[in-house]
Amino acid sequence: MILPLSFYTKKTVTVAQALLGTVLVHDTAEGRAAGRIVETEAYLFENDPACHAHRGKTPRNAVMFGPPGHAYIYFIYGMYYCFNVVTAPEGVGEAVLIRALEPLDGIELMKRRRGTSELKNLCSGPGKLVLALGLRPDQNGASLLSGPLTIWTPESFNAPRPKKSDIVSTPRIGINRGADLPLRFYLKGHPFASRRCSVSKR
DNA sequence: GACCAGATTGTCT
DNA sequence: GACAATCTGGTCA
(Lines give C-alpha, C1' and ligand atoms only; values in the text may rest on other atoms or scores of the structure.)
Protein backbone atom coordinates (compact mmCIF):
# COMPACT_ATOMS: atom_id res chain seq x y z
CA MET A 1 0.00 0.00 0.00
CA ILE A 2 1.25 3.46 -0.90
CA LEU A 3 1.50 5.79 2.07
CA PRO A 4 -1.58 8.06 2.06
CA LEU A 5 -1.58 11.83 2.28
CA SER A 6 -2.48 11.62 5.98
CA PHE A 7 0.93 10.05 6.61
CA TYR A 8 2.67 13.25 5.54
CA THR A 9 0.47 15.74 7.36
CA LYS A 10 1.68 14.80 10.83
CA LYS A 11 4.45 16.73 12.56
CA THR A 12 7.67 16.68 10.56
CA VAL A 13 9.69 15.01 13.31
CA THR A 14 7.01 12.33 13.59
CA VAL A 15 7.06 11.77 9.84
CA ALA A 16 10.86 11.53 9.85
CA GLN A 17 10.67 8.70 12.38
CA ALA A 18 7.67 7.01 10.77
CA LEU A 19 9.45 6.92 7.40
CA LEU A 20 12.06 4.55 8.81
CA GLY A 21 11.29 1.08 7.54
CA THR A 22 9.06 2.24 4.68
CA VAL A 23 10.07 1.51 1.09
CA LEU A 24 10.96 4.12 -1.52
CA VAL A 25 10.10 2.93 -5.04
CA HIS A 26 11.04 4.41 -8.40
CA ASP A 27 9.70 2.86 -11.59
CA THR A 28 11.42 3.82 -14.83
CA ALA A 29 11.74 2.41 -18.35
CA GLU A 30 14.85 0.60 -17.11
CA GLY A 31 12.86 -1.17 -14.43
CA ARG A 32 12.00 -0.81 -10.78
CA ALA A 33 14.45 0.21 -8.08
CA ALA A 34 13.35 0.15 -4.45
CA GLY A 35 14.94 0.44 -1.04
CA ARG A 36 13.95 0.46 2.61
CA ILE A 37 14.48 3.82 4.29
CA VAL A 38 16.91 3.39 7.19
CA GLU A 39 18.09 6.97 7.84
CA THR A 40 16.31 10.35 7.73
CA GLU A 41 16.73 13.94 8.89
CA ALA A 42 14.04 16.48 9.72
CA TYR A 43 14.30 20.11 8.58
CA LEU A 44 11.97 22.49 10.36
CA PHE A 45 10.57 25.88 9.48
CA GLU A 46 11.03 27.48 12.88
CA ASN A 47 14.17 27.66 15.01
CA ASP A 48 16.15 25.65 12.49
CA PRO A 49 18.78 27.76 10.70
CA ALA A 50 19.97 24.72 8.72
CA CYS A 51 16.65 24.44 6.91
CA HIS A 52 16.53 25.85 3.39
CA ALA A 53 13.16 27.37 4.18
CA HIS A 54 14.40 29.14 7.28
CA ARG A 55 15.16 32.40 5.48
CA GLY A 56 11.93 32.47 3.52
CA LYS A 57 10.64 31.27 0.22
CA THR A 58 12.93 31.40 -2.82
CA PRO A 59 12.68 29.84 -6.29
CA ARG A 60 14.85 26.94 -5.15
CA ASN A 61 12.96 25.97 -2.00
CA ALA A 62 9.47 26.78 -3.28
CA VAL A 63 8.49 23.10 -3.31
CA MET A 64 9.07 22.90 0.45
CA PHE A 65 6.32 25.45 0.89
CA GLY A 66 3.95 23.49 -1.32
CA PRO A 67 1.57 20.70 -0.29
CA PRO A 68 2.93 17.69 1.68
CA GLY A 69 3.53 14.31 0.10
CA HIS A 70 5.67 15.69 -2.70
CA ALA A 71 9.34 15.31 -3.63
CA TYR A 72 11.84 18.11 -3.02
CA ILE A 73 15.02 17.43 -4.99
CA TYR A 74 17.78 20.00 -5.00
CA PHE A 75 21.28 20.35 -6.38
CA ILE A 76 24.23 20.48 -3.99
CA TYR A 77 28.02 20.77 -4.07
CA GLY A 78 28.08 21.20 -7.82
CA MET A 79 27.45 17.55 -8.61
CA TYR A 80 24.93 15.79 -6.37
CA TYR A 81 21.24 15.89 -5.64
CA CYS A 82 19.39 15.26 -2.38
CA PHE A 83 15.89 13.80 -2.11
CA ASN A 84 13.43 15.09 0.48
CA VAL A 85 9.80 14.44 1.37
CA VAL A 86 7.73 17.58 1.85
CA THR A 87 5.76 17.67 5.09
CA ALA A 88 3.76 20.31 6.98
CA PRO A 89 0.75 22.19 5.58
CA GLU A 90 1.05 24.24 2.42
CA GLY A 91 2.77 27.54 3.19
CA VAL A 92 5.02 26.05 5.90
CA GLY A 93 8.48 25.08 4.67
CA GLU A 94 9.40 21.73 6.20
CA ALA A 95 10.75 18.48 4.81
CA VAL A 96 12.47 15.20 5.65
CA LEU A 97 15.79 14.38 3.99
CA ILE A 98 16.15 10.71 3.04
CA ARG A 99 19.76 9.85 3.85
CA ALA A 100 20.08 6.10 3.33
CA LEU A 101 18.27 3.05 1.94
CA GLU A 102 18.68 -0.68 2.21
CA PRO A 103 18.44 -1.93 -1.40
CA LEU A 104 15.50 -4.29 -1.90
CA ASP A 105 14.52 -4.41 -5.55
CA GLY A 106 16.34 -3.68 -8.80
CA ILE A 107 19.73 -4.21 -7.22
CA GLU A 108 21.44 -4.99 -10.52
CA LEU A 109 20.05 -1.76 -11.94
CA MET A 110 21.34 0.17 -8.93
CA LYS A 111 24.77 -1.37 -9.28
CA ARG A 112 24.91 -0.30 -12.91
CA ARG A 113 23.80 3.25 -12.09
CA ARG A 114 26.29 3.58 -9.25
CA GLY A 115 29.19 1.83 -10.96
CA THR A 116 29.90 -0.39 -7.98
CA SER A 117 28.94 -3.91 -6.98
CA GLU A 118 29.21 -3.40 -3.25
CA LEU A 119 25.71 -3.60 -1.80
CA LYS A 120 26.51 -1.45 1.21
CA ASN A 121 27.78 1.33 -1.03
CA LEU A 122 24.73 1.65 -3.27
CA CYS A 123 22.39 3.81 -1.17
CA SER A 124 24.32 4.68 2.01
CA GLY A 125 24.11 8.45 1.61
CA PRO A 126 21.74 11.11 0.24
CA GLY A 127 23.69 11.70 -2.97
CA LYS A 128 24.18 7.99 -3.55
CA LEU A 129 20.55 6.93 -3.27
CA VAL A 130 19.47 9.59 -5.76
CA LEU A 131 21.88 8.08 -8.28
CA ALA A 132 20.95 4.49 -7.46
CA LEU A 133 17.23 5.13 -7.90
CA GLY A 134 17.76 7.16 -11.05
CA LEU A 135 16.04 10.26 -9.66
CA ARG A 136 16.37 13.38 -11.77
CA PRO A 137 16.02 17.08 -11.03
CA ASP A 138 12.82 17.25 -13.07
CA GLN A 139 11.19 15.04 -10.40
CA ASN A 140 11.35 18.05 -8.09
CA GLY A 141 7.79 18.78 -7.02
CA ALA A 142 6.43 15.40 -8.14
CA SER A 143 3.69 13.76 -6.06
CA LEU A 144 4.59 10.70 -3.97
CA LEU A 145 0.97 9.53 -3.80
CA SER A 146 0.81 8.33 -7.40
CA GLY A 147 3.15 8.12 -10.33
CA PRO A 148 6.57 6.55 -10.85
CA LEU A 149 7.96 7.73 -7.51
CA THR A 150 6.15 6.42 -4.43
CA ILE A 151 6.69 5.34 -0.82
CA TRP A 152 5.11 2.10 0.46
CA THR A 153 4.39 0.53 3.83
CA PRO A 154 6.97 -2.00 5.08
CA GLU A 155 4.38 -4.79 4.81
CA SER A 156 4.06 -4.19 1.06
CA PHE A 157 7.58 -5.56 0.65
CA ASN A 158 7.54 -8.06 3.51
CA ALA A 159 9.96 -5.75 5.30
CA PRO A 160 9.95 -5.52 9.09
CA ARG A 161 8.24 -2.54 10.70
CA PRO A 162 10.72 -0.99 13.16
CA LYS A 163 9.89 -0.77 16.83
CA LYS A 164 10.15 2.57 18.61
CA SER A 165 13.14 1.22 20.52
CA ASP A 166 14.97 0.57 17.24
CA ILE A 167 15.03 4.27 16.38
CA VAL A 168 18.05 6.33 17.41
CA SER A 169 18.24 10.13 17.18
CA THR A 170 21.47 12.11 16.80
CA PRO A 171 22.56 15.51 15.50
CA ARG A 172 22.39 15.97 11.73
CA ILE A 173 25.30 15.52 9.37
CA GLY A 174 27.14 17.85 7.05
CA ILE A 175 25.70 21.12 8.29
CA ASN A 176 27.11 24.02 10.27
CA ARG A 177 24.10 25.99 11.48
CA GLY A 178 21.72 24.20 13.81
CA ALA A 179 24.15 21.30 14.07
CA ASP A 180 23.25 20.64 17.69
CA LEU A 181 19.61 19.75 17.10
CA PRO A 182 18.91 15.98 17.38
CA LEU A 183 16.90 15.75 14.18
CA ARG A 184 18.63 12.80 12.52
CA PHE A 185 16.99 9.40 12.89
CA TYR A 186 18.22 5.96 11.92
CA LEU A 187 17.62 2.31 12.71
CA LYS A 188 19.87 1.13 15.48
CA GLY A 189 22.88 -0.82 14.32
CA HIS A 190 21.79 -0.85 10.71
CA PRO A 191 24.73 -1.55 8.37
CA PHE A 192 23.33 0.49 5.49
CA ALA A 193 23.19 3.83 7.29
CA SER A 194 25.57 6.50 6.03
CA ARG A 195 28.95 6.86 7.63
CA ARG A 196 30.52 10.00 9.07
CA CYS A 197 28.54 9.96 12.29
CA SER A 198 29.67 12.69 14.65
CA VAL A 199 33.08 13.72 13.42
CA SER A 200 34.18 17.22 14.23
CA LYS A 201 35.32 18.93 11.09
CA ARG A 202 35.66 22.43 9.97
C1' DG B 1 40.79 2.64 9.63
C1' DA B 2 41.19 7.72 10.05
C1' DC B 3 41.92 11.99 8.05
C1' DC B 4 42.22 15.31 4.17
C1' DA B 5 41.82 17.61 -0.33
C1' DG B 6 39.52 18.12 -4.66
C1' DA B 7 35.67 18.14 -7.83
C1' DT B 8 32.13 21.48 -9.59
C1' DT B 9 27.99 24.74 -10.09
C1' DG B 10 23.53 26.84 -8.64
C1' DT B 11 22.00 30.05 -5.25
C1' DC B 12 21.94 33.85 -2.33
C1' DT B 13 24.47 37.98 -0.17
C1' DG C 1 32.17 36.00 -4.40
C1' DA C 2 31.48 32.64 -0.80
C1' DC C 3 29.36 28.68 0.26
C1' DA C 4 26.60 24.42 0.24
C1' DA C 5 21.63 18.91 3.86
C1' DT C 6 28.28 15.26 -0.56
C1' DC C 7 31.27 11.68 -2.41
C1' DT C 8 35.54 9.72 -3.92
C1' DG C 9 40.15 8.76 -3.87
C1' DG C 10 44.45 9.72 -1.98
C1' DT C 11 47.95 9.45 2.02
C1' DC C 12 49.53 7.78 6.34
C1' DA C 13 49.35 4.47 10.03
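A, B, ... follow the sequence lines: proteins, then strands. Residue 1 opens every chain. Note: hydrogens, waters and symmetry copies are ignored here, and every other heavy atom, side chains too, is used. Given the structure is predicted, the values throughout are model-derived calculations rather than measurements.
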**Message:** Distance alone, cut at 3.5 Å: any donor-acceptor contact between the side chains of A:H70 and A:Y8?
**Reply:**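 Result is no, nothing qualifies.
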**Prompt:** With distance as the sole criterion, is a donor-acceptor pair present between the side chains of A:T153 and A:S156 under 3.5 Å?
**Reply:**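 Yes, A:S156 and A:T153 have a side-chain donor paired with an acceptor closer than 3.5 Å.
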Look only at the side chain of [X] and the backbone of [Y], and say whether a donor-acceptor pair between them is shorter than 3.5 Å.
X: A:H26; Y: A:L133; result: yes
X: A:E39; Y: A:Y186; result: no
X: A:N84; Y: A:Y72; result: yes
X: A:N121; Y: A:E118; result: no

**Polar side-chain contact A:Y74-C:dA5 base: donor and acceptor under 3.5 Å** =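 Such a pair exists between side chain and base.
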Indicate yes or no: does [X] engage [Y] in a salt bridge with an N to O separation below 4.0 Å.
X: A:E30; Y: A:R113; result: yes
X: A:D166; Y: A:R161; result: no
X: A:E41; Y: A:R99; result: yes
X: A:D27; Y: A:R32; result: yes

**Prompt:** Do you know which two heavy atoms are closest between A:P67 and A:V86, and how far apart they sit?
**Reply:**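 For A:P67 and A:V86, the tightest heavy-atom pair comes out as O-CG1, 3.5 Å.
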Rounded to whole angstroms, how far apart are [atom1] on [X] and [atom2] on [N]?
X: A:I173; N: C:dC7; atom1: CD1; atom2: P; result: 9 Å
X: A:M79; N: B:dT9; atom1: CE; atom2: C1'; result: 9 Å
X: A:K120; N: C:dC7; atom1: NZ; atom2: P; result: 17 Å
X: A:Y77; N: C:dA5; atom1: OH; atom2: C1'; result: 7 Å
X: A:E118; N: C:dG9; atom1: CD; atom2: P; result: 12 Å
X: A:D180; N: C:dA5; atom1: CG; atom2: C1'; result: 15 Å
X: A:N140; N: B:dT11; atom1: CG; atom2: C1'; result: 14 Å
X: A:L97; N: C:dA5; atom1: CG; atom2: P; result: 10 Å

Presence of [X] side-chain N/O under 4.0 Å of [N] phosphate oxygens OP1/OP2:
X: A:R114; N: C:dC7; answer: no
X: A:R172; N: C:dT6; answer: no
X: A:N84; N: C:dA5; answer: no

**Prompt:** Just wondering, do A:Y80 and C:dT6 stack (centres under 5.5 Å, planes under 30°)?
**Reply:**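 Base of C:dT6: not stacked against A:Y80.
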**Prompt:** Is the ring centre of A:F75 under 5.5 Å from the base ring centre of B:dG10, and are the two planes under 30° apart, so that they stack?
**Reply:**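 Taking the rule of under 5.5 Å and under 30°, the ring of A:F75 does not stack on B:dG10.
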**Request:** Please tell me which of the listed nucleotides, C:dC7, B:dT13, C:dA5, lies nearest to the side chain of A:I175?
**Result:**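 Comparing C:dC7, B:dT13, C:dA5 against the side chain of A:I175, the answer is C:dA5.
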**Asked** Counting side-chain heavy atoms from CB outward, which of C:dT6, B:dT13, C:dT8 is closest to A:N121?
**Response**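 Closest nucleotide among those given: C:dT8.
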**Message:** Closest-nucleotide mapping onto DNA chain C: is A:R177 or A:G127 further toward the 5' terminus? I mean the 5' end.
**Reply:**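 Upstream on the strand: A:R177.
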**Request:** Please state whether the rings of A:F75 and A:Y81 are parallel, tilted or perpendicular, taking 30° and 60° as the class boundaries.
**Result:**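 Judged by the thresholds at 30° and 60°, the geometry between A:F75 and A:Y81 is tilted.
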**Nucleic acid contacts - residues 56-71 of chain A versus DNA chain C, non-hydrogen atoms under 4.0 Å** =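 Heavy-atom cutoff 4.0 Å gives A:M64.
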**Asked** What parts of residues 130-138 of chain A reach DNA chain C, counting only heavy atoms under 4.0 Å away?
**Response**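 Contacts with DNA chain C under 4.0 Å: none.
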**DNA chain B: stems of at least 3 consecutive Watson-Crick or G-U pairs whose donor-acceptor distances fall under 3.5 Å** =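 Counting only runs of 3 or more consecutive pairs, the stems involving DNA chain B are B:1-7 with C:6-12, B:9-12 with C:1-4.
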